[in-house]
Amino acid sequence: MFHPIDTDAVICDGRVSGSYPGEIHEGVAWWVAACFVVIGQAEQMAVAHDGHPVTGGFHHRFCLGAVNAGHWRCQVFTLGKADETQLLHAMKELGCAPGALLTTTESGTRPNITIRLYDAHGQPLTEGTGLAKLREMIACDRVPLPVNAQAKGRITQRLDLVEGL
């Protein structure tokens with residue numbers, strides 16, 4: 001695995017989180033998204049971020065990981081800058097699609113990146129609902145490989161799903 005991480009430290013407590021650079025890197029966002037699509041057999045998902053400059057790179061890599069997950073052809077709806085309430089609303093509007101919220105907090109000298117994953121019912125992913133499997137897939141280097149262009153999903157911007165909320 002290129003740039004391995006301490007999966008037990010980074011993927012726990014209902015989220016994927018770590019300081020950047022150091023504990024986490026942008027490639028982790030790709031890995032998490034690809035595994036999340038496969039675990040949830042997601043045909044579509046909503047993805048939002050907090051607008052922090054560091055979060056932008058992680059958001060981009062997350063979306064690429066989701067559309068390149070095996071042969072799932074996942075349709076990713078990027079909501080741009082949105083909070084949890086807006087994300088959950090968009091997920092419901094999309095017909096109960098799973099989702100992800102990427103945020104950055106400043107602590108000390110390095111920012112801390114957090115990826116929160118939600119199932120199709122808007123519930124945070126837990127150890128029992130997929131987080132343990134996601135951690136295992138990444139730890140064992142079983143991240144789904146990118147696919148050819150015909151089997152790849154698409155990324156569509158859907159700011160309309162969060163405007164006015």
Side-chain angles (χ1 to χ4, degrees), residues 10-11 13-18 20 24-106 111-126 128-131 133-135 137-138 143-165:
V10 171
I11 305 170
D13 300 328
R15 66 186 186 277
V16 178
S17 185
Y20 171 77
I24 196 169
H25 53 82
E26 290 178 353
V28 174
W30 176 298
W31 302 343
V32 168
C35 292
F36 185 45
V37 166
V38 171
I39 291 166
Q41 300 178 0
E43 295 178 2
Q44 64 177 357
M45 85 168 47
V47 183
H49 61 85
D50 63 359
H52 190 285
V54 174
T55 311
F58 281 83
H59 175 263
H60 178 71
R61 293 294 287 272
F62 187 94
C63 292
L64 290 175
V67 299
N68 280 289
H71 295 280
W72 285 99
R73 297 181 55 98
C74 184
Q75 172 73 37
V76 174
F77 297 102
T78 179
L79 310 175
K81 183 179 177 183
D83 62 23
E84 183 182 45
T85 301
Q86 292 170 311
L87 171 65
L88 294 174
H89 170 78
M91 290 165 53
K92 187 175 180 180
E93 288 294 312
L94 291 169
C96 295
L101 179 61
L102 290 81
T103 59
T104 299
T105 55
E106 299 288 340
N112 194 67
I113 309 298
T114 299
I115 304 171
R116 295 198 185 275
L117 304 170
Y118 301 86
D119 68 16
H121 304 291
Q123 297 300 308
L125 211 63
T126 65
T129 60
L131 203 60
K133 179 68 174 168
L134 188 143
R135 182 176 44 253
M137 288 175 74
I138 293 172
V143 175
L145 297 173
V147 296
N148 63 43
Q150 293 174 327
K152 185 176 177 179
R154 291 180 302 142
I155 301 170
T156 304
Q157 192 170 33
R158 289 293 308 268
L159 304 180
D160 61 295
L161 292 171
V162 296
E163 292 173 346
L165 291 180

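Just the heavy atoms: all of them, side chains too, but no hydrogens, waters or symmetry mates, feed the values below.
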Begin from the C-alpha positions of Val16 and Val10 and carry the test side-chain contact (heavy atoms from CB on, under 4.5 Å) through to its verdict. CA-CA 5 Å; Val16 178; Val10 171; 3.8 Å; yes

Under the criterion side-chain contact (heavy atoms from CB on, under 4.5 Å), I'd like the reasoning laid out for Val76 against Phe62: C-alpha separation, chi angles, the key distance, then a yes or no. CA-CA 10 Å; Val76 174; Phe62 187 94; over 6 Å; no

Residues Val47, Leu102; criterion side-chain contact (heavy atoms from CB on, under 4.5 Å); working and verdict: CA-CA 8 Å; Val47 183; Leu102 290 81; 3.9 Å; yes

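Between the side chains of Thr104 and Asp50, not a single donor N or O lies within less than 3.5 Å of an accepting N or O.
Across every non-hydrogen atom of Pro144 and Val38, the tightest pair is CG-CG2, 3.3 Å. Asn112 approaches Thr114 most closely through the heavy-atom pair ND2-OG1, 3.7 Å. Of all heavy-atom pairs spanning Ala42 and Pro98, the tightest one is CB-CG, 3.9 Å. Minimum interatomic distance between Lys81 and Gly51 (heavy atoms only, all atoms of both residues): CG-N, 4.1 Å. The shortest non-hydrogen separation linking Ala48 to Ala82 is CB-CB, 3.7 Å. The shortest heavy-atom contact between Leu134 and Cys35 is CG-CB, 4.0 Å.
The main-chain N or O of Val162 is found under 3.5 Å from a side-chain atom of Gln86 such that the two form a donor-acceptor pair. Side-chain atoms of Arg73 never come within 3.5 Å of backbone atoms of Arg154 as a donor-acceptor pair (strictly under, hydrogens ignored).
The closest side-chain heavy-atom distance from Phe36 to Cys74 is not below 4.5 Å.
For the atom pair CE of Met91 and CD of Glu84, the computed distance is 9.5 Å after rounding to the nearest 0.5 Å. Leu87 contributes atom CG, which lies 6.0 Å from atom CG of Leu79 (distance to the nearest 0.5 angstrom). Atoms CG and CZ, from Leu161 and Phe77 in turn, are 8.0 Å apart once rounded to the nearest 0.5 Å. Summarising the geometry, atom CD1 belonging to Ile115 is positioned 12.0 Å from atom CZ belonging to Arg15; distances are rounded to the nearest 0.5 Å. Taken to the nearest 0.5 Å, the NE2 atom of His89 stands 9.0 Å off from the CG atom of Leu94. Taken to the nearest 0.5 Å, the OG atom of Ser17 stands 6.5 Å off from the CD1 atom of Ile24.
Separation of the Trp31 and His25 ring centroids falls under the 6.0 Å cut-off.
Counting heavy atoms of neighbouring residues, nucleotides and ligands inside a 6.0 Å radius, atom NE2 of His52 exceeds 12 of them. Heavy-atom contacts from other residues, nucleotides or ligands closer than 6.0 Å to CD of Glu106 number more than 12.
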